[in-house]
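What follows is a set of notes on a single structure, which appears directly below.
Remember, predicted model here, so these are calculated numbers, not experimental data. Whatever order the structure lists ligands and atoms in, that order sets their numbers, starting from 1. Note: hydrogens, waters and symmetry copies are ignored here, and every other heavy atom, side chains too, is used.
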Amino acid sequence: MNTMENLDKLDQRSPVTELVETSGHAGSEWLARYSSSLMGVFGTPQRVLVRGAGCLVWDADGKEYLDLLGGIAVNALGHAHPFVTSVISSQLATLGHVSNFFTSPTQIALAEKLLELSAAPAGSKVFFTNSGTEANEAAFKLARRNSGSSSGEAGGKRRTRIIALEGAFHGRTMGALALTAKEAYRAPFEPMPGGVEHIPFGDIEALRNAVDDTVAAVFLEPIQGEAGVRPLPAGYLKAAREFTAEAGALLILDEVQTGIARTGKWLASEDAGIVPDAITLAKGLGGGFPIGALVTFGEQTSSLLSAGQHGTTFGGNPVATAAALATLHAIESQHVLDNVRAVGGHVRQSLAAVDGVIEVRGEGLLIGFDLDADVAPAAVTAALDAGFIINSPGPRTIRLAPPLILTTEQADRFLAALPAILQTAKDAQ
Ligand SMILES: *Cc1c(COP(=O)(O)O)cnc(C)c1O
């Protein structure tokens, strides 16, 4: 589809401009208003973005960018995907919200679809949330219910420990924050919900030593995204499954960033040859619309949280679940998994040959690479100036998590520009 035509159509049918005049204001003007009205937790936004189409976005000053971050692995189908957009609009125009005193067909159909694509055994169930941290919050409560006492009541608790990894990122609400390792995120908010221990990343012996019958659950990201795209070593998930099964602890996989085709598979853990007790999903699931999910595997785990023990007002609402159904459908019908594998492989291979890139990690279109100097934040700035959105999760690490529909030609534009971007970053030091 012609990009400009697509944008014109969106502009025409958008009444948003009657509420907020989106054109005719410079980015600097918006940023001044931002800093006097929005809480400072995100620092200063890099740009003010006003519209997008496919893998491209435009800022308030009219500059075009190739989006290689995709809203941090969220915009699986890029921006303003016509099918996702029309499904969201038509669902909202039919039935937008019902509360969880009621259900709706899209909610049920999406739960069934998630169970199917995660190859979940009989008795598996889904709980919908609005974000990744909420999915992990639900998983944290699930873990607490795996108490080890026959009644599952607090008084008889034997399993008081929860294991997570150094480098882990599981979210920013208190339970998920307790699972998150980074001291700078945790320290200002102590005390954390109790019982979480962080063990060395990827160390199978450390895991073996940590997991016994006092452990309620082990939380793992198959690839740590925020830590700079760090995959667990081969065999780790299998070992984790073995130790947790033996000890009666739950194995909970956080696939918030890695799930939903990001790695060229529906789930990053798909090839590990294991059945976990639960997975959490969010980011790419709604194709840009906020939705998350906790999927519990098997009857026993799925009944740990019973009626009244958890809830949410918005979770699983008709519009969010329709958005996710549309996203999953488009991923299937547009052969997106094939594209992710092909383009992702090409990008990783090409990156490895770039001067100044010393290591390339990741799978599919979740890609991290290390530079030979601490210039990653400067490279992000230089990339923006050159018309590319990328991200630096560490001082010498760049992360790419572009829309899964990125073409080879688009990827090549970035790869061709990268040497000059890195040079500019080094010159700026
Ligand atoms: C982003 C992320 C989260 C938190 O998701 P939010 O939607 O930001 O709350 C949790 N786990 C992982 C692995 C993530 O990448």
Side-chain angles (χ1 to χ4, degrees), residues 39 41-42 69-76 127-143 162-182 185-186 189 192-193 196 198 201-202 217-232 236-237 240 251-263 266-269 276 278-295 312 314-317 320 323-324 327 361-368 391-394 397 399-402 404:
M39 202 176 279
V41 291
F42 299 108
L69 187 58
I72 319 182
V74 168
N75 299 299
F127 176 81
F128 287 118
T129 69
N130 312 289
S131 66
T133 201
E134 285 172 76
N136 286 327
E137 211 64 37
F140 197 115
K141 286 178 75 172
L142 186 83
I162 293 177
I163 306 297
L165 298 192
E166 287 173 1
F169 183 84
H170 296 290
R172 303 287 208 132
T173 54
M174 288 306 285
L177 185 58
L179 297 167
T180 293
K182 196 168 174 173
Y185 293 168
R186 301 162 54 89
F189 304 102
M192 292 289 120
V196 180
H198 292 93
F201 175 84
V218 174
F219 280 77
L220 300 173
E221 298 156 85
I223 302 172
Q224 287 188 338
E226 303 301 307
V229 188
R230 273 206 300 185
L232 282 171
Y236 191 92
L237 285 175
L251 176 60
I252 300 175
L253 302 184
D254 180 343
E255 293 241 23
V256 166
Q257 188 158 161
T258 55
I260 314 299
R262 177 53 51 190
T263 63
W266 282 115
L267 299 172
S269 57
I279 58 169
T280 54
L281 298 168
K283 291 200 164 87
L285 178 57
F289 205 89
I291 181 169
L294 167 68
V295 183
T312 162
F314 293 115
N317 96 38
T327 301
R361 295 176 300 272
E363 235 183 298
L365 284 171
L366 181 58
I367 299 171
N391 164 252
S392 60
T397 303
R399 171 175 51 175
L400 308 178
L404 307 178

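Considering only non-hydrogen protein atoms, atom 7 (O) of ligand 1 sits nearest to G132 N, 2.8 Å.
Every atom of ligand 1 is numbered from 1 in the order shown, and the set under 4.0 Å from a heavy atom of D254 is 10 (C), 11 (N), 12 (C), 13 (C). Numbered from 1 in the order shown, with element, the atoms of ligand 1 that lie under 4.0 Å from a heavy atom of N136 read 10 (C), 11 (N). Atom numbering of ligand 1 starts at 1 in the shown order; those under 4.0 Å from a heavy atom of T133 are 4 (C), 5 (O), 6 (P), 9 (O).
I291 contributes atom CD1, which lies 7.5 Å from atom OG1 of T129 (distance to the nearest 0.5 angstrom). Separating the CG atom in L165 from the CG atom in L232 is a distance of 6.0 Å, to the nearest 0.5 Å. Atom CD1 of I260 and atom CD of E255 lie 8.5 Å apart (nearest 0.5 Å).
N391 places no side-chain N or O within 3.5 Å of a backbone atom of L69 that could act as its donor or acceptor partner.
With a heavy-atom cut-off of 4.0 Å, V256 touches ligand 1 through its side chain alone. For E221, every heavy-atom contact with ligand 1 shorter than 4.0 Å involves the side chain, none the backbone. Contacts with ligand 1 closer than 4.0 Å are made by no heavy atom of T173, backbone or side chain.
The closest side-chain donor-acceptor pair between T263 and T258, if any, does not fall under 3.5 angstrom.
For atom 14 (C) of ligand 1, the candidate residues are E226, E134, K283; the nearest heavy-atom contact is made by K283.
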*Step by step, would you call E226 with Q257 a side chain to side chain contact (heavy atoms under 4.5 Å, CB included)?*
CA-CA 9 Å; E226 303 301 307; Q257 188 158 161; 3.1 Å; yes

